[in-house]
Amino acid sequence: MATDITFEQVNYSYQAGTPFAVQALKNINLQIKSGTFTAVIGQTGSGKSTLIQHLNALLKPSSGTVTIGDQVITNETNNKHLKPLRKKVGMVFQFPENQLFEETVLKDIAFGPQNFGVSEADANELAKRMAGEVGLDESLLSRSPFDLSGGQMRRVAIAGVLALEPEVLVLDEPTAGLDPRGRLEIMQLVTRLREEQGLTIVLITHQMDDVADYADHVLVMGHGELLKQGTPREIFSDPEWLTAHQLGLPSATRFAYELQQAGFEFETMPLTVSELADEIAPQLGKGDDRHE
Amino acid sequence: MAIIKVEHLNYKYSNSDTQAIDDVSLEIQTGDWVAIVGHNGSGKSTLAKLLIGLMAADSGKITIDDQELTPESVWQIREKVGMVFQNPDNQFVGATVADDVAFGMENRSVDRDTMVTRVNHALEQVGMLDYKDREPANLSGGQKQRVALAGIIAIAPKILILDEATSMLDPRGRQAILQVIQQLKDDLNLTVLSITHDINEAANADRIVVIDDGHFVEESTPSELFNHGKQLVEMGLDVPLPEKVKDALQERHIAVPESYLDERGLVDWLRTSRLNK
(Lines give C-alpha, C1' and ligand atoms only; values in the text may rest on other atoms or scores of the structure.)
Protein backbone atom coordinates (compact mmCIF):
# COMPACT_ATOMS: atom_id res chain seq x y z
CA MET A 1 0.00 0.00 0.00
CA ALA A 2 1.35 3.36 -0.98
CA THR A 3 1.80 5.98 1.70
CA ASP A 4 2.69 9.16 -0.13
CA ILE A 5 3.22 12.26 2.00
CA THR A 6 2.15 15.71 0.85
CA PHE A 7 2.57 19.11 2.55
CA GLU A 8 0.39 21.94 1.24
CA GLN A 9 1.02 25.49 2.41
CA VAL A 10 2.11 24.33 5.84
CA ASN A 11 2.94 26.97 8.45
CA TYR A 12 3.91 26.25 12.02
CA SER A 13 4.64 28.55 14.98
CA TYR A 14 6.03 27.56 18.36
CA GLN A 15 4.29 29.19 21.34
CA ALA A 16 1.65 30.46 18.89
CA GLY A 17 -0.62 33.21 20.19
CA THR A 18 1.95 34.42 22.73
CA PRO A 19 4.43 37.31 22.43
CA PHE A 20 7.15 34.62 22.16
CA ALA A 21 5.71 33.06 19.00
CA VAL A 22 8.42 31.92 16.61
CA GLN A 23 7.47 30.85 13.12
CA ALA A 24 9.41 27.65 12.53
CA LEU A 25 7.86 26.57 9.20
CA LYS A 26 6.83 28.94 6.44
CA ASN A 27 4.60 27.91 3.56
CA ILE A 28 6.01 24.43 3.01
CA ASN A 29 4.90 22.56 -0.10
CA LEU A 30 6.44 19.18 -0.81
CA GLN A 31 5.83 15.58 -1.67
CA ILE A 32 7.56 12.43 -0.44
CA LYS A 33 6.80 9.40 -2.61
CA SER A 34 6.23 6.01 -1.06
CA GLY A 35 9.37 3.82 -1.04
CA THR A 36 11.86 6.66 -1.60
CA PHE A 37 14.84 7.68 0.52
CA THR A 38 14.56 11.39 1.31
CA ALA A 39 17.32 13.31 3.07
CA VAL A 40 16.48 16.54 4.90
CA ILE A 41 19.43 18.91 5.19
CA GLY A 42 19.90 22.45 6.48
CA GLN A 43 21.79 24.41 9.10
CA THR A 44 21.10 23.89 12.77
CA GLY A 45 17.83 25.63 13.60
CA SER A 46 16.54 25.63 10.01
CA GLY A 47 13.31 23.80 10.84
CA LYS A 48 14.31 20.21 9.95
CA SER A 49 13.16 18.65 13.22
CA THR A 50 9.97 20.73 13.25
CA LEU A 51 9.25 19.53 9.72
CA ILE A 52 9.56 15.85 10.49
CA GLN A 53 7.45 16.09 13.63
CA HIS A 54 4.57 16.88 11.24
CA LEU A 55 5.01 13.47 9.59
CA ASN A 56 3.13 11.70 12.38
CA ALA A 57 1.25 14.70 13.76
CA LEU A 58 3.37 15.14 16.86
CA LEU A 59 3.01 18.71 15.70
CA LYS A 60 -0.03 19.80 13.71
CA PRO A 61 0.28 22.64 11.18
CA SER A 62 -0.79 26.07 12.45
CA SER A 63 -2.27 26.40 8.96
CA GLY A 64 -2.20 24.30 5.79
CA THR A 65 -2.55 20.53 5.43
CA VAL A 66 -0.32 17.49 5.73
CA THR A 67 -1.57 14.36 3.96
CA ILE A 68 -0.07 11.00 4.89
CA GLY A 69 -1.54 8.16 2.85
CA ASP A 70 -5.28 8.69 3.20
CA GLN A 71 -5.09 10.71 6.42
CA VAL A 72 -5.33 14.51 6.28
CA ILE A 73 -3.89 16.48 9.20
CA THR A 74 -4.86 20.09 9.82
CA ASN A 75 -4.94 22.38 12.81
CA GLU A 76 -8.43 21.02 13.54
CA THR A 77 -7.51 17.32 13.58
CA ASN A 78 -8.61 15.58 16.75
CA ASN A 79 -5.81 13.76 18.60
CA LYS A 80 -8.14 10.78 19.12
CA HIS A 81 -7.84 9.83 15.47
CA LEU A 82 -4.08 9.76 15.28
CA LYS A 83 -3.32 6.26 16.54
CA PRO A 84 -3.28 4.55 13.10
CA LEU A 85 -0.97 7.29 11.84
CA ARG A 86 1.44 6.89 14.74
CA LYS A 87 1.69 3.19 13.88
CA LYS A 88 2.21 3.90 10.19
CA VAL A 89 5.00 6.45 10.68
CA GLY A 90 7.81 5.33 13.00
CA MET A 91 9.98 8.07 14.50
CA VAL A 92 13.56 7.65 15.69
CA PHE A 93 14.50 10.85 17.50
CA GLN A 94 17.93 12.27 18.32
CA PHE A 95 19.59 10.19 21.02
CA PRO A 96 16.73 7.64 21.03
CA GLU A 97 18.53 5.66 23.74
CA ASN A 98 17.25 8.31 26.17
CA GLN A 99 13.77 6.84 25.69
CA LEU A 100 14.67 3.32 26.81
CA PHE A 101 13.12 2.48 30.17
CA GLU A 102 12.24 -1.21 30.51
CA GLU A 103 14.05 -3.83 32.60
CA THR A 104 15.18 -5.88 29.64
CA VAL A 105 15.96 -5.28 25.99
CA LEU A 106 13.15 -7.66 24.98
CA LYS A 107 10.53 -5.84 27.05
CA ASP A 108 11.65 -2.50 25.72
CA ILE A 109 11.30 -3.55 22.09
CA ALA A 110 7.96 -5.29 22.78
CA PHE A 111 6.49 -2.28 24.61
CA GLY A 112 5.38 -0.40 21.47
CA PRO A 113 3.36 -3.16 19.82
CA GLN A 114 1.64 -4.06 23.13
CA ASN A 115 0.66 -0.43 23.42
CA PHE A 116 -1.07 -0.83 20.06
CA GLY A 117 -2.99 -3.90 21.22
CA VAL A 118 -0.69 -6.77 20.19
CA SER A 119 -0.69 -9.66 22.72
CA GLU A 120 2.37 -10.12 24.92
CA ALA A 121 3.36 -13.38 23.24
CA ASP A 122 3.04 -11.93 19.74
CA ALA A 123 4.85 -8.75 20.78
CA ASN A 124 7.74 -10.82 22.17
CA GLU A 125 7.97 -12.78 18.91
CA LEU A 126 7.99 -9.52 16.98
CA ALA A 127 10.62 -8.09 19.33
CA LYS A 128 12.93 -11.07 18.79
CA ARG A 129 12.57 -10.76 15.03
CA MET A 130 13.29 -7.01 15.08
CA ALA A 131 16.28 -7.46 17.38
CA GLY A 132 17.71 -9.81 14.75
CA GLU A 133 16.82 -7.32 12.04
CA VAL A 134 18.91 -4.56 13.64
CA GLY A 135 21.80 -6.93 14.38
CA LEU A 136 21.41 -7.36 18.15
CA ASP A 137 22.66 -10.69 19.43
CA GLU A 138 20.01 -12.88 21.08
CA SER A 139 22.05 -13.08 24.27
CA LEU A 140 21.41 -9.36 24.79
CA LEU A 141 17.60 -9.70 24.96
CA SER A 142 17.51 -10.56 28.66
CA ARG A 143 20.01 -7.83 29.61
CA SER A 144 19.09 -4.39 30.89
CA PRO A 145 19.21 -1.90 28.00
CA PHE A 146 21.27 0.38 30.23
CA ASP A 147 24.17 -2.10 30.33
CA LEU A 148 24.67 -1.81 26.58
CA SER A 149 27.04 0.41 24.63
CA GLY A 150 25.76 3.60 22.96
CA GLY A 151 25.56 1.97 19.54
CA GLN A 152 23.72 -1.07 20.88
CA MET A 153 21.25 1.08 22.84
CA ARG A 154 20.50 3.00 19.71
CA ARG A 155 19.75 -0.24 17.88
CA VAL A 156 17.38 -1.30 20.66
CA ALA A 157 15.54 2.00 20.23
CA ILE A 158 15.33 1.53 16.45
CA ALA A 159 14.10 -2.08 16.91
CA GLY A 160 11.38 -0.73 19.22
CA VAL A 161 10.16 1.57 16.45
CA LEU A 162 10.39 -1.19 13.81
CA ALA A 163 8.30 -3.47 16.03
CA LEU A 164 5.33 -1.22 15.23
CA GLU A 165 5.83 -2.39 11.62
CA PRO A 166 5.69 1.14 10.20
CA GLU A 167 5.51 1.98 6.50
CA VAL A 168 7.51 5.16 6.90
CA LEU A 169 10.66 5.36 9.04
CA VAL A 170 11.75 8.86 10.06
CA LEU A 171 15.20 9.27 11.60
CA ASP A 172 16.62 12.47 13.12
CA GLU A 173 20.42 12.28 12.98
CA PRO A 174 20.47 8.60 13.92
CA THR A 175 24.26 8.35 13.76
CA ALA A 176 25.22 11.38 15.88
CA GLY A 177 27.82 10.43 18.45
CA LEU A 178 28.46 6.95 17.02
CA ASP A 179 31.91 5.99 15.83
CA PRO A 180 32.43 5.56 12.06
CA ARG A 181 31.81 1.83 12.19
CA GLY A 182 28.59 2.33 14.19
CA ARG A 183 27.52 5.00 11.70
CA LEU A 184 28.09 2.70 8.73
CA GLU A 185 26.16 -0.13 10.41
CA ILE A 186 23.14 2.10 11.08
CA MET A 187 23.14 3.47 7.52
CA GLN A 188 23.41 -0.04 6.05
CA LEU A 189 20.52 -1.14 8.27
CA VAL A 190 18.36 1.74 7.04
CA THR A 191 19.20 0.96 3.40
CA ARG A 192 18.37 -2.70 3.90
CA LEU A 193 14.99 -1.90 5.49
CA ARG A 194 14.13 0.15 2.48
CA GLU A 195 15.31 -2.41 -0.07
CA GLU A 196 13.89 -5.51 1.60
CA GLN A 197 10.71 -4.17 3.18
CA GLY A 198 9.99 -1.22 0.93
CA LEU A 199 9.98 1.25 3.82
CA THR A 200 9.87 4.94 2.97
CA ILE A 201 12.89 6.57 4.63
CA VAL A 202 13.12 10.19 5.77
CA LEU A 203 16.52 11.05 7.23
CA ILE A 204 17.73 14.26 8.81
CA THR A 205 21.47 14.45 8.48
CA HIS A 206 24.47 16.76 8.43
CA GLN A 207 26.58 14.13 6.70
CA MET A 208 26.65 15.16 3.06
CA ASP A 209 28.55 11.96 2.24
CA ASP A 210 25.54 9.99 3.50
CA VAL A 211 23.22 12.11 1.36
CA ALA A 212 25.38 11.34 -1.69
CA ASP A 213 25.66 7.63 -0.86
CA TYR A 214 22.07 6.80 0.11
CA ALA A 215 19.40 9.40 -0.72
CA ASP A 216 17.45 9.73 -3.94
CA HIS A 217 15.66 12.93 -2.98
CA VAL A 218 16.92 15.89 -0.94
CA LEU A 219 14.96 18.62 0.86
CA VAL A 220 17.00 21.69 1.80
CA MET A 221 15.61 23.70 4.73
CA GLY A 222 16.67 27.21 5.77
CA HIS A 223 15.03 29.62 8.23
CA GLY A 224 11.86 27.57 8.24
CA GLU A 225 11.49 27.52 4.47
CA LEU A 226 11.98 24.77 1.94
CA LEU A 227 14.81 26.40 -0.03
CA LYS A 228 15.28 23.73 -2.66
CA GLN A 229 14.53 20.11 -3.48
CA GLY A 230 15.93 17.65 -5.99
CA THR A 231 18.25 14.68 -6.50
CA PRO A 232 21.62 14.74 -4.70
CA ARG A 233 23.25 15.50 -8.06
CA GLU A 234 20.99 18.50 -8.64
CA ILE A 235 21.47 19.82 -5.10
CA PHE A 236 25.24 19.42 -5.10
CA SER A 237 25.71 20.92 -8.59
CA ASP A 238 25.67 24.48 -7.27
CA PRO A 239 28.47 24.94 -4.72
CA GLU A 240 28.08 28.74 -4.61
CA TRP A 241 24.45 28.40 -3.62
CA LEU A 242 25.29 25.81 -0.97
CA THR A 243 28.06 27.99 0.46
CA ALA A 244 25.71 30.98 0.56
CA HIS A 245 23.36 28.84 2.67
CA GLN A 246 26.20 27.55 4.85
CA LEU A 247 25.86 24.00 3.60
CA GLY A 248 28.66 21.70 2.61
CA LEU A 249 29.38 19.37 -0.28
CA PRO A 250 30.10 15.65 -0.14
CA SER A 251 33.84 15.34 0.51
CA ALA A 252 34.54 13.80 -2.92
CA THR A 253 32.69 16.63 -4.69
CA ARG A 254 34.48 19.30 -2.68
CA PHE A 255 37.82 17.67 -3.51
CA ALA A 256 36.89 17.49 -7.20
CA TYR A 257 36.35 21.27 -7.28
CA GLU A 258 39.85 21.71 -5.84
CA LEU A 259 41.24 19.43 -8.53
CA GLN A 260 39.39 21.44 -11.17
CA GLN A 261 41.40 24.48 -10.02
CA ALA A 262 44.53 22.35 -10.45
CA GLY A 263 43.71 21.63 -14.09
CA PHE A 264 41.65 18.42 -13.94
CA GLU A 265 38.55 18.11 -16.07
CA PHE A 266 35.27 16.51 -15.02
CA GLU A 267 32.42 15.50 -17.31
CA THR A 268 30.06 15.24 -14.35
CA MET A 269 31.01 16.36 -10.86
CA PRO A 270 31.55 13.21 -8.77
CA LEU A 271 29.49 12.62 -5.62
CA THR A 272 31.52 9.69 -4.27
CA VAL A 273 35.21 8.75 -4.05
CA SER A 274 34.62 5.96 -6.53
CA GLU A 275 33.14 8.35 -9.12
CA LEU A 276 36.03 10.74 -8.43
CA ALA A 277 38.65 8.06 -9.06
CA ASP A 278 36.89 7.00 -12.28
CA GLU A 279 37.15 10.55 -13.60
CA ILE A 280 40.74 11.33 -12.64
CA ALA A 281 42.46 7.95 -13.21
CA PRO A 282 42.53 8.33 -17.02
CA GLN A 283 44.02 11.82 -16.61
CA LEU A 284 47.00 10.56 -14.58
CA GLY A 285 50.37 9.10 -15.44
CA LYS A 286 50.95 5.58 -14.17
CA GLY A 287 52.94 7.01 -11.28
CA ASP A 288 56.55 5.95 -11.93
CA ASP A 289 59.46 6.37 -9.49
CA ARG A 290 59.90 10.07 -10.10
CA HIS A 291 56.82 10.86 -8.01
CA GLU A 292 57.53 8.54 -5.11
CA MET B 1 54.49 22.25 32.90
CA ALA B 2 52.04 19.38 33.01
CA ILE B 3 48.62 20.80 33.94
CA ILE B 4 47.02 17.35 33.84
CA LYS B 5 48.91 14.37 35.19
CA VAL B 6 47.38 10.90 35.38
CA GLU B 7 49.30 8.05 37.00
CA HIS B 8 48.33 4.37 36.83
CA LEU B 9 44.62 4.98 36.77
CA ASN B 10 42.21 2.03 37.09
CA TYR B 11 38.43 1.86 36.98
CA LYS B 12 35.93 -0.98 36.62
CA TYR B 13 32.14 -0.59 36.43
CA SER B 14 30.45 -2.70 39.11
CA ASN B 15 28.30 -4.55 36.56
CA SER B 16 31.18 -5.39 34.20
CA ASP B 17 33.89 -8.06 34.17
CA THR B 18 36.49 -5.99 32.37
CA GLN B 19 38.49 -2.90 33.30
CA ALA B 20 36.98 0.24 31.75
CA ILE B 21 40.27 2.06 32.45
CA ASP B 22 43.30 -0.16 32.68
CA ASP B 23 46.51 1.29 34.16
CA VAL B 24 46.37 4.56 32.23
CA SER B 25 49.09 7.19 32.64
CA LEU B 26 49.07 10.51 30.80
CA GLU B 27 50.64 13.97 30.95
CA ILE B 28 49.18 17.02 29.25
CA GLN B 29 51.17 20.25 29.11
CA THR B 30 49.60 23.67 29.68
CA GLY B 31 48.30 25.11 26.42
CA ASP B 32 48.26 21.79 24.58
CA TRP B 33 45.34 20.43 22.60
CA VAL B 34 45.14 16.68 23.01
CA ALA B 35 42.53 14.54 21.26
CA ILE B 36 41.50 11.21 22.73
CA VAL B 37 40.10 8.84 20.12
CA GLY B 38 38.81 5.28 20.26
CA HIS B 39 35.71 3.36 19.20
CA ASN B 40 32.43 3.46 21.18
CA GLY B 41 32.94 1.67 24.47
CA SER B 42 36.75 2.04 24.49
CA GLY B 43 36.80 4.00 27.78
CA LYS B 44 37.18 7.57 26.50
CA SER B 45 34.19 9.06 28.28
CA THR B 46 34.97 7.13 31.45
CA LEU B 47 38.40 8.73 31.50
CA ALA B 48 36.87 12.21 31.12
CA LYS B 49 34.45 11.58 34.00
CA LEU B 50 37.29 10.38 36.22
CA LEU B 51 39.34 13.48 35.39
CA ILE B 52 36.75 15.86 36.83
CA GLY B 53 35.81 13.58 39.69
CA LEU B 54 32.33 12.64 38.49
CA MET B 55 33.34 9.10 39.38
CA ALA B 56 36.16 8.03 41.69
CA ALA B 57 38.95 5.83 40.32
CA ASP B 58 39.57 2.43 41.94
CA SER B 59 43.27 3.22 42.11
CA GLY B 60 45.80 5.64 40.68
CA LYS B 61 46.40 9.36 41.00
CA ILE B 62 45.11 12.41 39.11
CA THR B 63 46.82 15.79 39.51
CA ILE B 64 45.24 18.88 37.96
CA ASP B 65 47.13 22.17 38.03
CA ASP B 66 49.42 20.94 40.84
CA GLN B 67 46.51 19.82 42.97
CA GLU B 68 45.78 16.15 43.60
CA LEU B 69 42.17 15.16 42.91
CA THR B 70 40.59 14.06 46.19
CA PRO B 71 37.05 14.26 47.62
CA GLU B 72 38.20 17.47 49.37
CA SER B 73 39.81 19.15 46.34
CA VAL B 74 37.23 18.15 43.73
CA TRP B 75 35.23 21.40 43.93
CA GLN B 76 38.32 23.57 43.60
CA ILE B 77 39.47 21.49 40.66
CA ARG B 78 36.13 21.74 38.87
CA GLU B 79 36.44 25.55 39.01
CA LYS B 80 39.41 25.17 36.69
CA VAL B 81 37.82 22.71 34.30
CA GLY B 82 34.97 23.31 31.88
CA MET B 83 33.32 20.28 30.36
CA VAL B 84 30.94 20.10 27.41
CA PHE B 85 29.06 16.84 27.01
CA GLN B 86 27.77 15.13 23.93
CA ASN B 87 24.10 15.63 24.71
CA PRO B 88 23.64 19.19 26.02
CA ASP B 89 20.10 18.40 27.22
CA ASN B 90 21.85 16.76 30.13
CA GLN B 91 23.40 20.03 31.25
CA PHE B 92 20.75 22.72 30.70
CA VAL B 93 19.27 24.39 33.77
CA GLY B 94 18.28 27.96 32.80
CA ALA B 95 14.86 29.18 31.63
CA THR B 96 16.48 31.19 28.84
CA VAL B 97 19.68 30.76 26.88
CA ALA B 98 21.24 33.75 28.67
CA ASP B 99 20.28 32.37 32.12
CA ASP B 100 21.82 29.10 31.21
CA VAL B 101 25.10 30.64 30.15
CA ALA B 102 25.13 32.69 33.38
CA PHE B 103 24.56 29.66 35.60
CA GLY B 104 28.19 28.62 35.89
CA MET B 105 29.20 32.16 36.91
CA GLU B 106 26.43 32.37 39.51
CA ASN B 107 27.99 29.36 41.15
CA ARG B 108 31.31 31.17 41.15
CA SER B 109 29.91 34.42 42.67
CA VAL B 110 30.71 36.67 39.72
CA ASP B 111 29.15 40.16 40.07
CA ARG B 112 26.16 41.02 37.90
CA ASP B 113 27.71 43.56 35.49
CA THR B 114 30.63 41.31 34.70
CA MET B 115 28.19 38.46 34.26
CA VAL B 116 26.05 40.29 31.69
CA THR B 117 29.11 41.33 29.70
CA ARG B 118 30.55 37.84 29.75
CA VAL B 119 27.24 36.18 28.79
CA ASN B 120 26.87 38.45 25.77
CA HIS B 121 30.47 37.98 24.77
CA ALA B 122 30.29 34.19 25.09
CA LEU B 123 27.05 33.98 23.09
CA GLU B 124 28.51 36.20 20.40
CA GLN B 125 31.57 33.96 20.09
CA VAL B 126 29.44 30.90 19.37
CA GLY B 127 27.03 32.81 17.11
CA MET B 128 24.02 32.52 19.43
CA LEU B 129 23.54 36.12 20.68
CA ASP B 130 20.26 36.46 18.74
CA TYR B 131 18.86 33.56 20.74
CA LYS B 132 19.66 34.83 24.24
CA ASP B 133 16.02 35.14 25.35
CA ARG B 134 14.88 31.85 23.85
CA GLU B 135 14.08 28.71 25.79
CA PRO B 136 16.95 26.19 25.55
CA ALA B 137 14.47 23.31 25.11
CA ASN B 138 13.24 24.75 21.79
CA LEU B 139 16.70 24.91 20.22
CA SER B 140 18.07 22.37 17.77
CA GLY B 141 20.75 19.87 18.79
CA GLY B 142 23.55 21.89 17.19
CA GLN B 143 22.35 25.15 18.74
CA LYS B 144 22.26 23.50 22.15
CA GLN B 145 25.86 22.42 21.73
CA ARG B 146 26.81 26.02 20.94
CA VAL B 147 25.01 27.30 24.05
CA ALA B 148 26.67 24.64 26.21
CA LEU B 149 30.06 25.80 24.93
CA ALA B 150 29.14 29.46 25.61
CA GLY B 151 28.41 28.50 29.23
CA ILE B 152 31.96 27.20 29.48
CA ILE B 153 33.55 30.16 27.66
CA ALA B 154 31.85 32.49 30.18
CA ILE B 155 33.62 30.90 33.15
CA ALA B 156 37.01 31.04 31.39
CA PRO B 157 38.40 27.76 32.72
CA LYS B 158 42.06 26.74 32.49
CA ILE B 159 41.14 23.38 31.01
CA LEU B 160 38.41 22.60 28.50
CA ILE B 161 37.18 19.03 28.12
CA LEU B 162 35.01 18.33 25.07
CA ASP B 163 33.21 14.98 25.11
CA GLU B 164 31.87 14.54 21.56
CA ALA B 165 30.87 18.17 21.94
CA THR B 166 30.55 18.96 18.24
CA SER B 167 28.78 15.79 17.14
CA MET B 168 25.42 17.50 16.47
CA LEU B 169 26.84 20.37 14.44
CA ASP B 170 26.81 20.60 10.69
CA PRO B 171 30.34 20.56 9.17
CA ARG B 172 30.53 24.33 8.81
CA GLY B 173 29.16 24.92 12.27
CA ARG B 174 31.72 22.48 13.62
CA GLN B 175 34.56 24.24 11.80
CA ALA B 176 33.38 27.59 13.19
CA ILE B 177 33.24 26.22 16.74
CA LEU B 178 36.66 24.60 16.42
CA GLN B 179 38.03 27.97 15.34
CA VAL B 180 36.46 29.60 18.40
CA ILE B 181 38.15 27.01 20.59
CA GLN B 182 41.48 27.46 18.82
CA GLN B 183 41.20 31.22 19.38
CA LEU B 184 40.41 30.76 23.09
CA LYS B 185 43.32 28.39 23.40
CA ASP B 186 45.68 30.96 21.85
CA ASP B 187 44.29 33.93 23.81
CA LEU B 188 44.04 32.31 27.22
CA ASN B 189 46.65 29.56 26.96
CA LEU B 190 43.78 27.16 27.47
CA THR B 191 44.49 23.44 27.66
CA VAL B 192 42.05 21.41 25.54
CA LEU B 193 41.21 17.75 25.85
CA SER B 194 38.80 16.63 23.15
CA ILE B 195 37.19 13.24 23.00
CA THR B 196 36.05 12.73 19.46
CA HIS B 197 35.29 10.51 16.47
CA ASP B 198 35.59 13.40 14.12
CA ILE B 199 38.73 13.38 12.02
CA ASN B 200 38.63 17.16 11.55
CA GLU B 201 38.37 17.78 15.27
CA ALA B 202 41.24 15.35 15.87
CA ALA B 203 43.30 17.08 13.19
CA ASN B 204 43.15 20.29 15.25
CA ALA B 205 45.00 18.63 18.11
CA ASP B 206 48.73 18.84 18.81
CA ARG B 207 48.73 15.19 19.88
CA ILE B 208 46.29 12.30 19.53
CA VAL B 209 46.03 9.51 22.06
CA VAL B 210 44.33 6.29 20.93
CA ILE B 211 42.50 4.32 23.59
CA ASP B 212 41.17 0.78 23.24
CA ASP B 213 39.72 -1.55 25.88
CA GLY B 214 40.65 0.96 28.57
CA HIS B 215 44.32 1.39 27.79
CA PHE B 216 46.43 3.62 25.60
CA VAL B 217 47.59 1.89 22.46
CA GLU B 218 49.26 4.75 20.66
CA GLU B 219 50.19 8.38 20.95
CA SER B 220 51.22 10.44 17.94
CA THR B 221 50.76 13.61 15.94
CA PRO B 222 47.71 13.83 13.66
CA SER B 223 49.74 13.27 10.48
CA GLU B 224 51.54 10.22 11.94
CA LEU B 225 48.24 8.72 13.01
CA PHE B 226 46.39 9.42 9.75
CA ASN B 227 49.08 7.40 8.00
CA HIS B 228 47.33 4.27 9.32
CA GLY B 229 44.71 4.45 6.57
CA LYS B 230 41.97 1.87 6.96
CA GLN B 231 43.11 0.84 10.45
CA LEU B 232 41.79 4.20 11.64
CA VAL B 233 38.28 2.74 11.58
CA GLU B 234 39.36 0.28 14.30
CA MET B 235 40.43 3.31 16.33
CA GLY B 236 36.98 4.87 16.05
CA LEU B 237 38.02 7.43 13.46
CA ASP B 238 37.03 7.84 9.87
CA VAL B 239 39.57 7.35 7.10
CA PRO B 240 40.74 10.78 5.85
CA LEU B 241 39.64 11.63 2.32
CA PRO B 242 43.17 11.60 0.78
CA GLU B 243 43.65 8.01 1.99
CA LYS B 244 40.31 7.00 0.47
CA VAL B 245 41.21 8.63 -2.84
CA LYS B 246 44.65 6.95 -2.87
CA ASP B 247 43.00 3.56 -2.26
CA ALA B 248 40.49 4.08 -5.05
CA LEU B 249 43.28 5.10 -7.46
CA GLN B 250 45.35 2.07 -6.50
CA GLU B 251 42.36 -0.15 -7.35
CA ARG B 252 42.52 1.48 -10.78
CA HIS B 253 46.23 0.51 -11.08
CA ILE B 254 47.67 3.95 -10.38
CA ALA B 255 50.81 3.85 -8.21
CA VAL B 256 50.41 6.33 -5.33
CA PRO B 257 52.83 7.55 -2.64
CA GLU B 258 52.82 5.44 0.51
CA SER B 259 53.35 8.21 3.01
CA TYR B 260 50.43 10.24 4.39
CA LEU B 261 49.40 13.24 2.34
CA ASP B 262 46.91 15.85 3.52
CA GLU B 263 44.43 17.21 0.97
CA ARG B 264 46.78 19.95 -0.19
CA GLY B 265 49.59 17.44 -0.56
CA LEU B 266 47.44 15.09 -2.58
CA VAL B 267 46.28 17.88 -4.91
CA ASP B 268 49.96 18.78 -5.53
CA TRP B 269 50.90 15.17 -6.18
CA LEU B 270 47.95 14.67 -8.54
CA ARG B 271 48.74 17.88 -10.40
CA THR B 272 52.35 16.77 -10.99
CA SER B 273 51.26 13.29 -11.96
CA ARG B 274 48.81 14.70 -14.50
CA LEU B 275 51.43 16.99 -16.05
CA ASN B 276 53.91 14.11 -16.33
CA LYS B 277 51.51 11.87 -18.17
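Quick note on labels: first sequence line is chain A, next is B, and so on, each numbered from 1. Computed from heavy atoms alone, side chains included, the values below leave out hydrogens, waters and symmetry copies. Note that the structure is predicted; figures quoted are calculated from it, not measured.
- Heavy atoms closer than 4.5 Å to chain A are found in both the backbone and the side chain of B:Glu234.
- With a threshold of 4.5 angstrom between heavy atoms, A:Leu184 does not approach chain B through any atom at all.
- Ranked by heavy-atom pairs under 4.5 Å with chain A, the list B:Asp133, B:Leu237, B:Val233 is led by B:Leu237.
- When the candidates B:Arg271, B:Glu164, B:Glu263 are compared by the number of heavy-atom contacts under 4.5 Å with chain A, B:Glu263 comes out ahead.
- Here the shortest heavy-atom pairing between B:Leu241 and A:Arg254 reads CD2-NH2, 4.3 Å.
- Looking at A:Gln15, only its side chain comes within 4.5 Å of chain B, counting heavy atoms on both sides.
- Looking at A:Thr272, neither its backbone nor its side chain comes within 4.5 Å of chain B, counting heavy atoms on both sides.
- Of the listed residues (A:Ile41, A:Leu276, A:Asp278), the greatest number of heavy-atom pairs within a distance under 4.5 Å of chain B belongs to A:Asp278.
- Closest non-hydrogen pair, A:Ala281 versus B:Ile254, comes out as O-CD1, 3.7 Å.
- In this structure, B:Asp238 and A:Arg183 have side chains that are in contact, with non-hydrogen atoms separated by less than 4.5 Å.
- Of the atoms belonging to A:Asp172, not a single heavy atom falls under 4.5 Å from chain B.
- Most heavy-atom pairs under 4.5 Å with chain A, from the set B:Ser42, B:Gly38, B:Ala176, B:Gly236: that is B:Gly236.
- For a residue to count as touching a neighbouring chain, one of its non-hydrogen atoms must lie under 4.5 Å from one of that chain's; by this rule B:Leu232 does not touch chain A.
- For the residue pair B:Gln143 and A:Gly45, the shortest heavy atom distance occurs at NE2-CA, 3.7 Å.
- When heavy atoms are compared at a cutoff of 4.5 Å, B:Arg264 approaches chain A solely by way of its side chain, counted from C-beta outward.
- For the pair A:Val22/B:Arg134, a side-chain contact is recorded, criterion being any heavy-atom separation below 4.5 Å from C-beta on.
- Using a distance-only test at 3.5 Å, with no hydrogens or angles considered, no donor-acceptor pair links the side chain of A:Arg181 to the main chain of B:His39.
- Interface remark: of the candidates A:Pro180, A:Gly42, A:Ala262, A:Pro180 forms the most heavy-atom pairs closer than 4.5 Å to chain B.
- In this structure, the portions of A:Gln283 lying under 4.5 Å from any heavy atom of chain B include both its backbone and its side chain.
- When heavy atoms are compared at a cutoff of 4.5 Å, A:Ser251 approaches chain B by way of both its backbone and its side chain.
- Between B:Met235 and A:Asp179, every side-chain heavy-atom pair lies at or beyond the 4.5 Å cut-off.
- The parts of B:Leu270 that come within reach of chain A are both its backbone and its side chain, each placing non-hydrogen atoms under 4.5 angstrom from that chain.
- Heavy atoms of A:Gln94 lying under 4.5 Å from chain B belong exclusively to its side chain.
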